[in-house]
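Labels below follow one simple rule: chain letters A, B, ... track the order of the sequence lines, proteins then strands, and each chain is numbered from 1. Owing to the predicted nature of the structure, the values given are computational and were not obtained by experimental measurement.
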Amino acid sequence: MSKGDFLQKNWCQTDAERARRSLAKWYDSHARDLPWRLTPSLYGTWLSEIMLQQTRVDTGIPKWHLFQELFPSVEDLAQASEAEVMKAWEGLGYYRRARLLHQAAKVVVSKGGFPENREGWLALPGIGPYTSAAIASIGLGEAVAAVDGNVQRVMSRWGGVTDPVDSKTGAQAIQGVADAWLDAARPGDHNQAVMELGALVCSPKQPRCAECPVRFTCTSADNPDMWSVLPRKTPKRKAARWDLTWHVAHHGNQVVAIQRPDTGVWATLWAFPERAPSKSNTPSRPLIPDVVHALTHKRIHARMVGTAMTSTEELHTWAQEVNGVVMTWEECEAKAWPRLATKVWSELKAACMAGN
DNA sequence: AACCCGGGGGA
DNA sequence: TCCCCAGGGTT
C-alpha cells in the first residue's frame, strides 16, 4: 500500500484489530440459534446460503427445513426432478436459484463430493463471490472475507467508505476493510459475526450504536450525518407498470395451464395463458377483482379473466393452440406457481367452479 | 456497468 | 410508499 493510500484512509490496522476482537467477544453471546448452525454440514450451509441470497433469514428458515426433509442429502437433491425442486421452492422467489442449486447438486454428485476450496465452489452454478467465500470460510475454514449487504453496510459506516459500494472503487474499499478485519484463525465465525452485527445492530435505519461492540473505532458511531447516507449505492430505476391478463379457460374441474418459458419472469413456473381463447362460444368475464402484485422491478396489475368452455374437447383444442396442458385444479396445485397465483388461488377456483 | 430476476417485512 | 434483504447471471 502506498503512503498516499494510507493517508486517505481514516482507519488503520490497529483499529481493525480492536474491532475484530471486540466483535468476536460480542458474537459469543449474541449469535442466533439458526438451524444450520446447530449441526453444521457443508450441505446445510450451502442450502442456507443459496436460500438467503437476497432473502431474509426469517423467510429462509422454513424453506431450509422443508428442503432438509424432502432432500436430506445432496444425492437426494440431485436425484429429484426439477419439478419437485421447483415445487419445494415455490413462493421463495428468484426461481433461477432453485434450478442452479439443482444443477449444482448433479455436478457435485457426479464429481463424487463437494469442492474442497473456494475456487471449486465458485465454479458451481449459482455460486458467486459472496457465497463461495461464505461456504469456504464456514464449512472449510478458509480464511476469506465474505462480503454481502450486511458487510457492505458495516464496513462502509465503520471505515467511512463514501464511494458507492456497487462501484469498482467502492467495492475495493469495502473489501479492504473486510480483509483488515478478518480473523484468519476462525474465519467462519468471524464472517457470520459481521453479518450478525449488520442484521442485529448496524441496521439500515436507526442503527443501535449504543449497543455496538465496535463503536469505539467506528467512523459513523452516533453520527447520523454519516450512517444515514452509508452505504451509498447507485440509484435504481423505479418499477415499471406491467398490465397482465391471465385467461382461465375452464370446464368442469379442468383448466388450461401453461409452463412459462425458461427465461424471463417466473421462468419455468406454471401460469395461465395471456391470450384469450380464440373461438370460445361463451363470453369472457373477470373472475375476481384486479390484483396488484409488486416485484422488485415490475408493478403488476393482474386481471384474471375466465372463459367457460362448452366441452372438454374445446378445452383441449385451446390447450394445443397455446402449447398448454389441460389439468384439474388439483393437478395444478402439484405444480410450482408464482405467488401471484397462489395468493388468489382459492378465489379463482371458486369463481370458475361457480361459473359452470 | 447496467440490467434482470421474487417476494416479503419494516419504517 | 420506499428500501432492503447472508447475490448471481447475462449483456
Q.
By the 4.0 Å heavy-atom rule, please label Arg99(A) as base, sugar-phosphate, or nothing.
A. nothing
Q: Quick one: label Gly91(A) by what it contacts on the DNA or RNA (base, sugar-phosphate, nothing), any heavy atom closer than 4.0 Å.
A: sugar-phosphate
Q: Side chain of Glu196(A) only, please: which of dC5(C), dA6(C), dG6(B) is the nearest?
A: dA6(C)
**Q.** Closest-nucleotide 5' rank along DNA chain B - winner of Arg237(A) and Leu340(A)
**A.** Arg237(A)
Q: For Ile50(A), report the nucleic acid contact type (base, sugar-phosphate, nothing); a contact means any heavy atom under 4.0 Å.
A: nothing
Q: Just call it for Trp36(A): base, sugar-phosphate, or nothing, with non-hydrogen atoms closer than 4.0 Å on any strand.
A: base
(Q) Checking base pairs now: Watson-Crick or wobble, both atom distances under 3.5 Å. What partners dC4(C)? (A) dG8(B)
(Q) Check this for me: does any side-chain nitrogen of one of Arg215(A) and Asp15(A) sit under 4.0 Å from a carboxylate oxygen of the other? (A) no
Q: Indicate whether OP1 or OP2 belonging to dC5(C) is found under 4.0 Å from a side-chain N or O atom of Gln54(A).
A: no
Q) When all nucleic acid strands are considered with a 4.0 Å heavy-atom cut-off, which category describes Ile300(A): base, sugar-phosphate, or nothing? A) nothing
Q. For dC5(B), does OP1 or OP2 lie under 4.0 Å from any side-chain N or O of Lys298(A)?
A. yes
Q: Identify whether any heavy atom of Ser48(A) sits under 4.0 Å from a base atom; if not, whether one sits that close to sugar-phosphate; answer base, sugar-phosphate or nothing.
A: nothing
(Q) If you assign each of Val57(A) and Leu122(A) to its closest nucleotide in DNA chain C, which residue comes earlier from the 5' end? (A) Val57(A)
